[in-house]
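These notes concern the structure reproduced below.
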Amino acid sequence: MARIHFLTGNEGKLVEAVHHLGPLGHEVVHLSVDGIIEPQADDLETIARSKLEQARAHLPNPDDWLMVEDAGLFVEALDGFPGVYSSYALSTLGNHGLLRLLEHLQSEDLHVEAGLRRAEFKAVAALMTPEGVFIGEGSCLGRIAPAVDGEGGFGFDPVFIPRDLDLAGEPADIGVQGEVSTHGRTFAAVDMDLKGKFSHRTRALADLLTQLGTAE
Ligand code: ITT
């Protein structure tokens, strides 16, 4: 297995990728390239492919593998915002600003409120190898918390509560206690191993490895 150069400016994403891929025998090293431009596009894959193209010339060895991973938080009541604008929204609005945008979504019934605040993290992991480009996708259903919760994680983790998972690892229905649960806490309030059981990133990376396996 080749060394994977992960192009990212986000340390939280790097730590999670190493945490997931390291035990599977993949060496992940950080690649930092100045001047990468994120194109304006309405899907994560287009952004990821563009970044691969821009960074390929900066690989130490042209046969090395290059990976990028693009993620976003899509809030249903905001028609998918911030979505592909998540980085910008986090640095301008922040988590408190996002909560303010959703202040009107309240209900006496907690299950109804969970439905009103539905959101989804999505990730696309793109890997360039000498054999071509492989794309993995992952998503994580959940909801926006009523308030910031937890000190860990990064980005939108303090306001995102994942939907419980059933035995098969699929999201349980809202209001149904699943086999895997954060018990109403956000990603920032649980450890990385538990976040990894739900996370869009883990799922995108796992999908990517499946694609690689079938291509070999
Ligand atoms: P790159 O340099 O890798 O592009 P980025 O911070 O711009 O790093 P993304 O575009 O993939 O990362 O992510 C968009 C935003 O969503 C960004 O602010 C992240 O912090 C946030 N985000 C991504 N994955 C997240 C996760 O698992 N938990 C919380 N926030 C996340």
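Counting convention: from 1, in listed order, for ligands and their atoms alike. No experiment lies behind these values; they were computed from the predicted model shown.
- Residues Asp164 and Gln177 have side chains in contact (heavy-atom distance under 4.5 Å, counting atoms from C-beta outward).
- Looking at His183 and Val190, their side chains never come closer than 4.5 Å, going by heavy atoms from C-beta outward.
- Near ligand 1, residues Thr8, Gly9, Asn10, Lys13, Glu38, Lys51, Glu69, Asp70, Ala71, Ser86, Ser87, Leu90, Phe121, Phe154, Gly155, Phe156, Asp157, Lys195, His200, Arg201 each place a heavy atom inside the 4.0 Å sphere around the ligand atoms.
- Under a hydrophobic-cluster definition in which Ile, Leu, Val, Met, Phe, Trp and Tyr are linked whenever side-chain heavy atoms come within less than 4.5 Å, directly or via other members, Leu141 and Leu98 are assigned to different clusters.
- A pairwise comparison of heavy atoms in Glu120 and Ser139 identifies OE2-OG, 2.9 Å as the closest pair.
- Contact of the Phe187 side chain with the Phe198 side chain is registered, since non-hydrogen atoms from C-beta on lie closer than 4.5 Å.
- Put simply, CZ on Phe156 and CG on Leu90 are 4.5 Å apart, with the number rounded to the nearest 0.5 Å.
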